[in-house]
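These numbers come from a predicted model, not from an experiment. Start at 1 and go down the list; that is how both ligands and their atoms are numbered.
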Amino acid sequence: MKVDLIVKRCAELHTLKGPERARKGEEMKDTAVVKDGALVVDDGIVIDTGPTNEIMNGYEGDKVIDASDKTVIPGFVDPHTHLAFAGSREDELVKKIEGKTYMQILEEGGGILRTVRQTREASKDEIKVEMKRRMDVMLQYGTTTAEAKSGYGLDLETEVKCLEAINEMDKEHPMKLVPTYMGAHSLPPEFDDQSDYIDYCCESAMPVIAKKELAKFCDVFCEKGVFTSGESRRLLIKAAELGFGLKVHADEIENIGCSTMASELGAISCEHLVKTSDEDIKELAKKEVVGILLPGTPFMLMEDEYSPARKMINEGMAVALATDLNPNCWTESMQMIITLACLQMKMLPEEALCASTKNAAMAIDRDDVGSLEKGNCADFLILDIPNIMHLPYHFGINLVEEVYVNGVKVQ
Ligand SMILES: [Zn+2]
């Protein structure tokens, strides 16, 4: 059979083939690897995978790439980013290094509301220019699909502007984006009551965003001092009525019962999960919810406590990894996140790979990416490493040699 492309003699071809759901617990170690493997692509789609000798007997490629001594994996999926923002806050890192607390930085006019000001002032085109620079780097570092949250506008006008920017960049850039509305990211300066602002999100903002079909998911920062579990529940119930999938920022600083509340409402993912208790982990493991862990965040905050990933996996939870790309944790590199996940949270290289591809795709409801299943998009990476153990081990550099999206080389 004649096909567009064959990638042959991959030292390791990690296909992540398997069930049409996130891998849970023990299953995360199985990346469905083929040694001396080959990948067959036609018309932008994965046609087959298998041992090179078998594949070369059955197919004839227009183009054949020899990937000897290389590892081939699905493109990374980054399921939690705050990609649409203006400006930067590098001076705040210096203040943190000098010993200032987050509260002191907030009092000096820094933090999230500074980014809200800058994002409100920027035009849609200016935001798109900044997003493009970030997306170019993400693609270079192997991310082929990412979730992108709004939430630095807070008012409807700016949230719509940012969500439009995300939807337009999804079409204009080879990297794929999945948009999330996160108006409930912080209390905007023009409100002084959280509950009033949740009313505004439910009654004024969300129906408009739903009607314009600008976002697939709705997310809320459920945290002490931000939005309570009750306020978050109210928002999520309304979001579900309007047809949004549900996500929640939960248990990052304190455990106020958000992760179990959200999973009971049918949330597809709970994100951060640093302070999640042993009992909550057991509850989450019973559900289909994916825990999206963000080790870049404690790293940049210079904190010692990371999500209890080992416990989660041992209890049978499905875990994904993400960058949390935002002005407070600015990295485009899933490779950096994988190194942090392995070193700080004791995830195994195979588990971290599963968490960055298959499980990350499931956490944003994309079954066409994240694995090299027959019929999926041919989004894959050729890594200049002979086995997957090098991925966390050889750190701080870019191990990606080539990036393919829909069977086309984009890097
Ligand atoms: Zn976040």
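- If you check the side chains of Thr81 and Asp78, you find no donor sitting under 3.5 Å from an acceptor.
- A ring-centre distance under 6.0 Å is not found for Phe244 and Phe217.
- Glu172 and Lys128 are joined by a salt bridge, as a carboxylate oxygen and a charged side-chain nitrogen come within less than 4.0 angstrom of each other.
- In summary, no N, O or S atom of His272 is located under 2.8 Å from the Zn ion (ligand 1).
- Asp219 lies apart from the Zn ion (ligand 1) in this respect, since none of its N, O or S atoms is found at a distance under 2.8 Å.
- For Asp324, the N, O or S atom closest to the Zn ion (ligand 1) goes by the atom name OD1.
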Report task. Report the C-alpha separation of Lys100 and Glu108 in whole Å, then their side-chain angles, then the decisive distance to 0.1 Å, and conclude whether the salt bridge (Lys or Arg N to Asp or Glu O under 4.0 Å) test is met. Result -> CA-CA 11 Å; Lys100 285 212 168 128; Glu108 289 170 15; 3.1 Å; yes
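- Rounded to the nearest 10 degrees, the angle NE2 (His249) to the Zn ion (ligand 1) to NE2 (His82) equals 110°.
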